[in-house]
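First the structure, in the form of structure tokens, and then the observations on it.
All of these numbers come straight from a predicted model, not from anything done at the bench.
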Amino acid sequence: MAQEGIRLFHLNNQIKNILSDSFSADIWVVAEISEMRSNQNGHCYLELVEKDEETDQIIAKARATIWSYTFRMLRPYFETTTGQRFTSGIKVLVSAHIEFQEIYGYSLNIKDIDPNYTLGDMARRRREILARLEEEGVLEMNKELDFPEIPKTIAIISSPTAAGYEDFVKQLEHNGNGFQFHYKLFPAIMQGNKAEESIIQALDRINEYENLFDVVVIIRGGGSQADLNCFDSYWLAFNIAQFPLPVVSGIGHERDESIVDIVSHTKVKTPTAAAELLIDYFDECREYQENLQENLLLEVNEILHGSSEQLSFLTNKFSQMVQRILERKTQQLLLADEKLIQSSKRCLTGHDYRLRSTQAKLQYALQNRTNQEKNKLDHLQGKMEIRIKHLLENKKNKLSLFEQSISYLNPENILNKGYTLTLKAGKIIKNIDLLSEKDRIETRFKNGSVTSEILNIKPKK
């Protein structure tokens with residue numbers, strides 16, 4: 001005998017009556033919006049889900065409706081209170097009436113919403129993301145990277161049509177010191193559900209050319225809290241924290257601080273401030289080089305001054321020595337003349353005839369001796385003057401060569417002649433054996449410097 005069954009309409013009608021009796025009043029429901037759409041009449045249709053906290057798998061699902069007259073009030077109320085768009089992917093606490101229709105089945109008719117729950121959930125999720133990053137040991141990784149002294153090549157992640165990007169480029173190109181920057185834009189979506197994936201893809205593209213860039217700048221103009229929610233993403237923060245280049249974030253107003261700001265190497269308020277940060281690094285390096293040049297000139301001047309004083313001292317000392325020698329020889333000559341006169345007088349006493357006969361000889365001998373001594377003295381004086389002159393000329397030539405050598409050693413003169421200086425870690429490279437591939441070297445020109453990376457080394461055969 002065939003079993004008698006209940007008709008589906010009657011079954012659904014009984015379920016409807018049971019639900020109506022059991023849930024006669026509105027109830028508050030916690031759920032996540034997985035899908036959301038609205039029609040031309042302004043009605044909003046939702047799919048609500050609940051996920052397992054450990055596996056993130058959906059464990060419950062329900063349809064929900066917000067009729068247009070209610071939706072027009074609930075949506076702006078929610079968005080102005082939370083700063084978050086009413087969209088899929090957020091958790092909500094809603095007051096709903098349970099409905100069951102024989103054709104469409106079970107659904108929730110939403111009448112009210114509590115924005116404070118969503119705010120609390122957003123704050124909780126933010127704390128959980130930061131705690132997870134810290135537990136994984138990546139929260140401070142990007143901050144630990146050394147920021148380049150001269151951030152000359154810049155990878156930019158931004159929307160190409162964003163005003164913030166235009167402000168950043170304008171600030172770089174029209175800096176007051178005329179610094180030259182090289183930058184490349186890696187376009188990305190900077191708000192909405194696709195922003196996280198788009199920015200991570202841009203980071204991946206930059207990573208392929210890591211050796212070409214000094215720093216990464218992520219910029220966008222300010223916006224509502226909803227526009228900045230993508231920068232509180234775990235995976236975006238995870239990628240930035242572990243990125244091999246320093247990341248500068250300039251993605252919001254002063255009052256905003258996203259998780260991306262926290263994990264980046266440096267956070268600034270605006271795109272313009274990001275450009276000013278890079279310009280400041282250039283300016284500090286320029287001041288350092290000017291100080292080095294000034295110190296070098298001071299040291300060279302001190303060396304020249306000291307050498308000049310030493311030469312003057314030696315010249316005075318030599319002149320005094322020659323003067324003493326001449327005085328001593330003159331005194332010796334006078335003593336010799338006096339002795340000769342006294343000797344002649346003694347001989348003349350008692351020997352007048354011999355004196356008269358030898359007087360002429362003695363006078364002749366005396367005159368001859370005097371002439372000889374004077375000739376010797378004149379000859380010695382001439383030789384001393386020649387030696388002094390040669391010595392002075394030799395000292396002057398040495399001083400001139402010393403000044404010329406110092407002038408040649410002046411890096412500024414070398415650069416002015418069209419030569420360049422190559423430095424590694426601040427030291428001049430004189431031998432190719434001191435270099436290796438992938439070393440970063442600085443080449444200084446007359447009007448600036450460049451930083452390069454060695455790709456290949458060819459020793460002289």
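For an aromatic pair to be called close, the ring centres must be under 6.0 Å apart, and H43 with F71 fails this. Taking the six-membered ring wherever Trp is involved, the centroid distance between the rings of Y106 and F100 does not fall below 6.0 Å. For F186 and F213, the distance between ring centers is under 6.0 angstrom.
The environment of R387 atom CZ is sparse: at most 12 non-hydrogen atoms of other residues, nucleotides or ligands sit within 6.0 angstrom. Within a 6.0 Å sphere centred on CG of D52, other residues, nucleotides and ligands contribute more than 12 heavy atoms. Within 6.0 Å of NZ on K395 lie no more than 12 heavy atoms contributed by other residues, nucleotides or ligands. The environment of E135 atom CD is sparse: at most 12 non-hydrogen atoms of other residues, nucleotides or ligands sit within 6.0 angstrom. Crowding of Q242 atom CD: a count of heavy atoms from other residues, nucleotides or ligands under 6.0 Å exceeding 12. In E210, the CD atom is crowded: over 12 heavy atoms of neighbouring residues, nucleotides or ligands sit closer than 6.0 Å. For E99, the CD atom counts as densely surrounded, since its 6.0 Å shell holds more than 12 non-hydrogen atoms of other residues, nucleotides or ligands. Within a 6.0 Å sphere centred on CZ of F445, heavy atoms belonging to other residues, nucleotides or ligands number more than 12.
Of the charged side-chain nitrogens involved, at least one lies within less than 4.0 Å of a carboxylate oxygen, so that K424 and D439 count as a salt-bridged pair. Between K269 and D261 there is no salt bridge, since no side-chain N of the basic residue sits under 4.0 Å from a carboxylate O of the acidic one. Between K438 and E453 there is no salt bridge, since no side-chain nitrogen of the basic residue lies less than 4.0 Å from a carboxylate oxygen of the acidic one.
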Go through the steps for E35 and R37 under the test salt bridge (charged side-chain N to carboxylate O under 4.0 Å, His left out), then give the verdict. CA-CA 7 Å; E35 293 183 13; R37 61 184 179 85; over 6 Å; no

Check the pair I457 / L435 against side-chain contact (heavy atoms from CB on, under 4.5 Å), numbers first and verdict last. CA-CA 8 Å; I457 296 177; L435 299 174; 4.2 Å; yes

Between R63 and E47, does the salt bridge (charged side-chain N to carboxylate O under 4.0 Å, His left out) criterion hold? Intermediate values first, please. CA-CA 5 Å; R63 292 184 297 107; E47 182 177 83; over 6 Å; no

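I27 contributes atom CD1, which lies 12.0 Å from atom NZ of K111 (distance to the nearest 0.5 angstrom). Note that CG of N397 and CG of L392 are 11.0 Å apart. Values are rounded to the nearest 0.5 Å. Here CD1 of I199 is found 10.5 Å from CG of N239. Values are rounded to the nearest 0.5 Å. For the atom pair CD1 (I279) and CG (N175), the distance works out to 4.5 Å, reported to the nearest 0.5 Å. Atom NZ of residue K398 and atom CD of residue E393 lie 13.5 Å apart, to the nearest 0.5 angstrom. Atoms CG and CD1, on L48 and I58 in that order, are 11.0 Å from each other to the nearest 0.5 Å.
Counting all heavy atoms, side chain and backbone alike, S264 lies closest to K143 at O-NZ, 2.8 Å. Across every non-hydrogen atom of V215 and P151, the tightest pair is CG1-CB, 4.2 Å. Heavy atoms only, all atoms of each residue included: S233 and I129 are closest at C-CD1, 4.4 Å. Here the closest non-hydrogen pair linking I219 and M190 is O-CE, 3.5 Å. Closest approach of D232 to S258, counting heavy atoms only: OD1-CA, 3.4 Å. Shortest non-hydrogen contact noted between D146 and P246 is O-CG, 3.8 Å.
Taking the centre and axis of the six-membered ring of F168, the NZ or CZ atom of K170 falls outside the cone set by 45° and 6.0 Å. Under the 6.0 Å distance and 45° angle rule, R132 counts as a cation-pi partner of Y234.
Taking the side chain as every heavy atom from C-beta outward, T153 and Y183 never approach each other to under 4.5 Å. You'll find the side chain of L236 reaches within 4.5 Å of the side chain of I200, heavy atoms only. Between I206 and I157, some side-chain heavy-atom pair lies under the 4.5 Å cut-off. I98 is not listed as a side-chain neighbour of D26, based on a closest heavy-atom distance of 4.5 Å or more. When side chains are defined from C-beta on, V94 does not count as touching V30, because their heavy atoms never get closer than 4.5 Å.
Just one of T270, L278, T272 meets the side chain to side chain contact (heavy atoms under 4.5 Å, CB included) condition when paired with Q171; it is T272. Applying side chain to side chain contact (heavy atoms under 4.5 Å, CB included) to F238 and the options I259, L139, V138, V263 leaves one that passes, V138.
At distances below 3.5 Å, at least one donor-acceptor pair connects side-chain atoms of S198 with backbone N or O atoms of I189.
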